[in-house]
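Below: one structure, written as structure tokens.
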Amino acid sequence: MKERSECMNRIWIEELPKYLHQEVTVEGWLHRVRKLGKLAFLLIKDTTGMVQGVVTGKPEWLQDIAPEQAVRVHGSVSASNQQALGVELQISEIVVLGKVYKDLPFELNQEEIGAGLEHVLDHRVLSLRHPKTAAIFKIQDGVIKAFRDFLHQEKFTEIHTPKIVATGTEGGSELFEIKYFEQTAYLAQSPQFYKQMAMGAGLQRVFEVAPVYRAEPHNTSRHLSEFISLDLEMGFISGLNDVLSLEERLLEYVFAYLQEYMSKELAMFQAQLPKVGQIPRLRIKEIDRILQKEYGKSLEILDLDSESERLICEYMMKETGSEFVFATHYGKANRPMYTQPSADDQDVTESFDMLFRGLEMNSGAQRVHDYDVLVHNIREKGLQPESFASYLEIFQYGMPPHGGFAIGAERLVCKILGLQNIREAVLFPRDRFRLTP
RNA sequence: GGAGCUGUGGUGUAGCGGCCUAACAUGCCUGCCUGUCACGCAGGAGACCGAGGGUUCAAAUCCCUUCAGCUCCGCCA
């Protein structure tokens, strides 16, 4: 019974102002210890926030108190207009629940962790103790929750597709090969085929939040070997514009959600949320003309390199104030075989990339839904329709026009918060050289 | 896969041929301090300068090799 009543009395730090003048218990970690002779100030943090505790006199146990210990703190809540919370805790007792055995690899109680990213990631678990690092993952959680909520409202069903697959989806990307009993299998680079199959199978609108894997040996501040893909596929569309409009509303919803529930975390990064509204839709050929006119740069193929992405974002920001751009109608040669060719222009496809603050956030398209066209496209790319038999089956049984896209979750969070390196936006990143922790 | 750059106490940096017996900040240890909030003050420990080889009277500093990492390009999200 005693345990139970103690649990009931445990208060989240952000709730403390409601318990003014009451005896409470707080559990969390010590963030900072300031001893001033016969008075000491302890900063205690839990997942909801941070509070200053006051220890008066010089009790024996204070000797053993140190930053990052896991503690249970008993005390009474008193008003304090000096504190952000408006209250502080007059501490009567501290129980150390988890000791600290060695010196910390870097300082956790400064405004920023003053250590290099490599070192920080080597000690990832500890860097996550820093409120600002933890905030990145609260934002990620918010983005994903809003993504789910919005799509559920729109009659989408969340699905889970296999990450161990027999073949690659697009042929181009490098795949991680794995041993699968007596066969060779691969880690999925995209749920593309499966989400189309599930859509056509009758779920009609589907989405998935899951890791995807890319074995490309790139080594940049915006690439990962494993990242979270926010994927969706929608049936019965009348064209690409339906997909773009859905994405506009989705982004609007996500940013409204962050604004409402994540303002504390956003403030830690001085992050300004973008206005979504009507996102400019520019064909690649149009972007080419703009780049030639404004920057004297012309595209060699109907695709954007990263410099072009930066430039067109810069230009549209200047011209329209939009931080987003839909770049549409990429060349047929630069898009996978399941991309719908455009009716009005044989060179291009009903495809798009969403660019945000200079970086590609997602790609998407209307897909080919006609079996004959799809088989034709597969052959045209030099591939064998037979090797796509399980994908192709549903296309022979009433496949509706459809389209979708996939957002890189880490890239979105990275750009929202203005992080320098995408690895900062991953709990335990996997890149070209990192496999632990 | 290609190009460029960086490795100096626990951490972040300075020093870039001799004044280096390697500096500064922070962290750590000891002591003092009843209103701090990056608390303050006094004292202390801690680095053979990534590793190996070479040039030189002299190397943290120049060269080569190697290892580790960063950034950019290609490709992508």
Side-chain angles (χ1 to χ4, degrees), chain A residues 31-43 50-58 62-63 66-68 78 80-85 88 90 100 102-123 126-127 169-175 189-192 210-231 300-301 303-310 330 334-336 352-356 359-364 405-415 420-423 425-426 431-434:
Chain A
H31 187 64
R32 182 182 284 281
V33 178
R34 282 191 286 267
K35 296 178 184 176
L36 286 74
K38 294 196 182 63
L39 181 69
F41 299 94
L42 312 181
L43 290 182
M50 185 122 51
V51 67
Q52 174 169 268
V54 185
V55 180
T56 48
K58 203 175 181 178
L62 191 60
Q63 180 102 26
E68 300 311 323
S78 65
S80 167
N81 51 20
Q82 309 273 44
Q83 299 299 311
L85 260 186
E88 61 185 10
Q90 302 298 325
V100 170
K102 48 197 289 196
D103 288 346
L104 301 170
F106 38 69
E107 284 106 84
L108 276 169
N109 52 18
Q110 305 292 318
E111 193 74 23
E112 305 280 341
I113 297 177
L117 184 57
E118 189 59 19
H119 186 65
V120 164
L121 292 178
D122 283 343
H123 303 275
L126 270 173
S127 69
T169 43
E170 329 208 349
S173 267
E174 302 266 349
L175 301 166
Q189 57 149 227
S190 157
Q192 184 58 37
V212 294
Y213 303 89
R214 304 287 163 90
E216 275 128 21
H218 38 41
N219 188 22
T220 77
S221 58
R222 60 180 191 282
H223 286 96
L224 296 161
S225 301
E226 177 181 58
F227 66 92
I228 303 292
S229 181
L230 307 177
D231 253 281
E300 283 165 27
I301 50 171
D303 197 358
L304 299 180
D305 55 44
S306 47
E307 188 193 26
S308 302
E309 290 175 349
R310 273 195 301 276
Y330 282 77
N334 308 303
R335 287 284 163 155
F352 76 103
D353 276 8
M354 189 271 277
L355 312 177
F356 174 47
L359 185 63
E360 183 181 335
M361 285 295 122
N362 66 252
S363 60
F405 57 85
I407 302 176
E410 293 86 353
R411 282 195 174 180
L412 186 58
V413 170
C414 200
K415 281 292 167 182
Q420 292 302 305
N421 193 306
I422 197 162
R423 279 161 258 221
V426 190
D431 62 36
R432 177 70 182 82
F433 298 104
R434 180 174 290 279

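Everything numeric in this text was worked out from a predicted model, so none of it was measured. Quick note on labels: first sequence line is chain A, next is B, and so on, each numbered from 1.
- Taking every side-chain heavy atom of A:N362 into account, B:A77 is the closest of B:C75, B:U34, B:A77.
- Between the A:R214 side chain and the A:L224 main chain, no donor and acceptor come within less than 3.5 Å of each other.
- For the pair A:G408 and A:L39, both in contact range of RNA chain B, the more 5′-proximal nearest nucleotide belongs to A:L39.
- Using modelled atom types, no side-chain atom of A:Q83 and backbone atom of A:V51 make a donor-acceptor pair closer than 3.5 Å.
- Here A:G116 lies in heavy-atom contact (under 4.0 Å) with sugar-phosphate atoms only.
- If you take CZ of A:F106 and C1' of B:U26, they are 14 Å apart, rounded to a whole angstrom.
- Straight-line distance between the C1' atoms of B:U8 and B:A22: roughly 8 Å, to the nearest whole Å.
- Put simply, the side chain of A:F227 reaches to within 4.5 Å of the side chain of A:V212, judged on heavy atoms.
- Of the candidate nucleotides B:A77, B:U36, B:C70, B:A77 has the atom lying nearest to any side-chain atom of A:F227.
- Considering only side-chain N and O atoms, A:S190 lies nowhere under 4.0 angstrom from the phosphate OP1 or OP2 of B:A77.
- Counting heavy atoms from C-beta outward, A:L304 and A:L355 have side chains that approach closer than 4.5 Å.
- A:N421 comes within 4.0 angstrom of the backbone, heavy atoms only, and of no base.
- Taking side-chain N and O atoms only, A:N219 has no distance below 4.0 Å to OP1 or OP2 of B:G74.
- Look at the P atom in both B:A68 and B:C32: the space between them is 49 Å, to the nearest Å.
- The CG-C1' distance, from A:D103 to B:U11, rounds to 11 Å in whole Å.
- When the C1' atom is compared between B:U61 and B:A14, the two are found 13 Å apart, to the nearest whole Å.
- No side-chain heavy atom of A:E216 sits less than 4.5 Å from a side-chain heavy atom of A:H223.
- Across all strands shown, A:R423 has heavy atoms under 4.0 Å from sugar-phosphate atoms exclusively, and none from any base.
- Put simply, the side chain of A:Q52 and the base of B:U36 share a donor and an acceptor less than 3.5 Å apart.
- The backbone N or O of A:R222 sits less than 3.5 Å from a side-chain atom of A:R411, completing a donor-acceptor pair.
- Rounded to whole Å, the P atom of B:A60 lies 10 Å from the corresponding atom of B:G18.
- Residues A:M50 and A:L85 share a closest heavy-atom pair of O-CD1, 3.6 Å.
- Contact annotation for A:E88: base contact, defined as any heavy-atom pair under 4.0 Å involving a base atom.
- Residue contacts for A:L117: at a heavy-atom cut-off of 4.0 Å it reaches no nucleic acid atom on any strand shown.
- Checked by distance alone, A:H218 brings no side-chain donor or acceptor within 3.5 Å of a matching partner on the base of B:C76.
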**Prompt:** What pattern of brackets, bars and dots sums up RNA chain B from 5' to 3', given Watson-Crick or G-U wobble pairs under 3.5 Å, [ ] for crossing pairs and | for another strand?
**Reply:** ((((((((.[[[[.)..(....]]]].(((((.......))))).....[[[[[..)....]]]]])))))))....
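- Checked by distance alone, A:R411 brings a side-chain donor or acceptor within 3.5 Å of a matching partner on the base of B:C76.
- The side chain of A:T220 places no N or O atom within less than 4.0 Å of a non-bridging phosphate oxygen (OP1 or OP2) of B:U71.
- Residue A:Q110 is classed as a base contact, given a heavy-atom separation below 4.0 Å to a base.
- When heavy atoms are screened at a 4.0 angstrom cut-off, A:E410 is found touching no nucleic acid atom at all.
- Using a 4.0 Å cut-off, no side-chain N or O of A:S306 falls inside it from OP1 or OP2 of B:C76.
- When the C1' atom is compared between B:G4 and B:G10, the two are found 31 Å apart, to the nearest whole Å.
- In this structure, the nucleotide among B:A77, B:C73, B:C39 sitting nearest to the side chain of A:R34 is B:C39.
- For B:C39, one of the phosphate oxygens OP1 or OP2 lies less than 4.0 angstrom from a side-chain nitrogen or oxygen of A:R32.
- To the nearest whole angstrom, the two C1' atoms, one in B:G7 and one in B:A77, are 32 Å apart.
- Here CD1 of A:I422 is found 10.0 Å from CG of A:L412. Values are rounded to the nearest 0.5 Å.
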Let me have the donor-acceptor pairs involving side chains of residues 33-42 of chain A, under 3.5 Å, with sequence neighbours excluded, atom names and distances please.
unit_1: A:R34; atom_1: NH2; unit_2: A:Q52; atom_2: OE1; d: 3.3
unit_1: A:K35; atom_1: NZ; unit_2: A:L62; atom_2: O; d: 3.2

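- The residue A:H119 sits close only to the backbone: its heavy atoms come under 4.0 Å of sugar-phosphate atoms, none of a base.
- Distance check on atom P: B:G50 versus B:C16 gives 16 Å, rounded to whole Å.
- Both thresholds, 5.5 Å between centres and 30° between ring planes, are met by A:F41 relative to the base of B:U36, so the two rings are stacked.
- Heavy atoms of A:E307 sit nowhere under 4.0 angstrom from any nucleic acid atom.
- When the side-chain nitrogen and oxygen atoms of A:R310 are compared with OP1 and OP2 of B:C72, none of them lie within a distance under 4.0 Å.
- At the heavy-atom level, A:S363 lies under 4.0 Å from the strands shown only through sugar-phosphate atoms.
- A donor N or O paired with an acceptor N or O is found under 3.5 Å between the base of B:G10 and the side-chain atoms of A:E107.
- For A:R222, the side-chain atoms get nearest to B:C76 when compared with the rest of B:U71, B:G35, B:C76.
- Two residues, A:Q90 and A:L304, neighbour RNA chain B, and the one matched to the more 5' nucleotide by heavy-atom proximity is A:Q90.
- Across all strands, A:D303 comes closer than 4.0 Å only to sugar-phosphate atoms, never to a base (heavy-atom distances).
- Following rounding to the nearest Å, A:Q63 (CD) and B:U30 (C1') show an atom-to-atom distance of 11 Å.
- Look at the C1' atom in both B:C29 and B:A45: the space between them is 7 Å, to the nearest Å.
- Side-chain contact between A:F352 and A:N362 is present, with heavy atoms from C-beta onward closer than 4.5 Å.
- Heavy atoms of A:T56 sit nowhere under 4.0 angstrom from any nucleic acid atom.
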Anything under 3.5 Å between a donor and an acceptor, one on a side chain of residues 103-121 of chain A, the other on a protein residue two or more places apart or in another chain? List them.
unit_1: A:N109; atom_1: ND2; unit_2: A:H31; atom_2: O; d: 3.3
unit_1: A:E112; atom_1: OE1; unit_2: A:K132; atom_2: NZ; d: 3.4
unit_1: A:E112; atom_1: OE2; unit_2: A:K132; atom_2: NZ; d: 2.6
unit_1: A:E118; atom_1: OE1; unit_2: A:R434; atom_2: NH2; d: 3.3
unit_1: A:E118; atom_1: OE2; unit_2: A:R434; atom_2: NH2; d: 2.7
unit_1: A:H119; atom_1: NE2; unit_2: A:P105; atom_2: O; d: 3.2

